[in-house]
Amino acid sequence: MAKIKKDERFEATAKDKYTVVNWPEYNKALENRGNITFLINEDVIQNWYSEEPAQRGAQFRYSDTCIETMMMFKTVFRLPYRQARGFAVGILNRRCIISNGTL
């Protein structure tokens with residue numbers, strides 16, 4: 001096996017230096033990195049609460065669609081249950097589906 005000198009293995013290139021000339025645009029780009037857009041189907045919103053009659057000893061308040069949506073948030077973002085609930089409350093408050101943070 002031939003010996004290779006360190007300088008021959010890697011090409012030494014100078015790093016390009018970039019300067020920001022438009023700070024408002026740069027700041028907006030940094031803000032948009034954290035922007036998450038959710039598209040929630042209207043069927044999910046309309047069927048958020050269960051329409052089944054309450055049973056003796058147990059009350060159904062949320063539909064299966066609601067629970068599946070919450071579990072999707074929990075799985076995709078790897079959140080514990082309480083954080084998934086807080087996450088959903090934040091999204092639904094923004095869409096004016098629920099009020100006063102009650103889910």
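Keep in mind that what you see is a predicted model, and the values were worked out from it rather than measured. These values consider heavy atoms only, across backbone and side chains, with no hydrogens, waters or symmetry-generated copies.
Not counting sequence neighbours, the partners of Y26 by the ring-ring contact (aromatic ring centres under 6.0 Å, His included) test are W23. Every residue two or more places apart in sequence or in another chain was checked for a side-chain hydrogen bond (donor to acceptor under 3.5 Å, both in side chains) with E68, and none qualifies. Residues passing the side-chain contact (heavy atoms from CB on, under 4.5 Å) test with Q46 are D43, sequence neighbours excluded.
Remark: N27 CG is packed, more than 12 non-hydrogen atoms of other residues, nucleotides or ligands lying under 6.0 Å away.
Through direct or relayed side-chain contacts under 4.5 Å between Ile, Leu, Val, Met, Phe, Trp and Tyr, V21 connects to no other residue.
The shortest non-hydrogen separation linking T65 to N47 is CB-O, 4.2 Å. Minimum interatomic distance between A84 and M70 (heavy atoms only, all atoms of both residues): O-CE, 3.7 Å.
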**Request:** Begin from the C-alpha positions of R82 and F87 and carry the test side-chain contact (heavy atoms from CB on, under 4.5 Å) through to its verdict.
**Result:** CA-CA 9 Å; R82 289 182 184 167; F87 185 76; over 6 Å; no

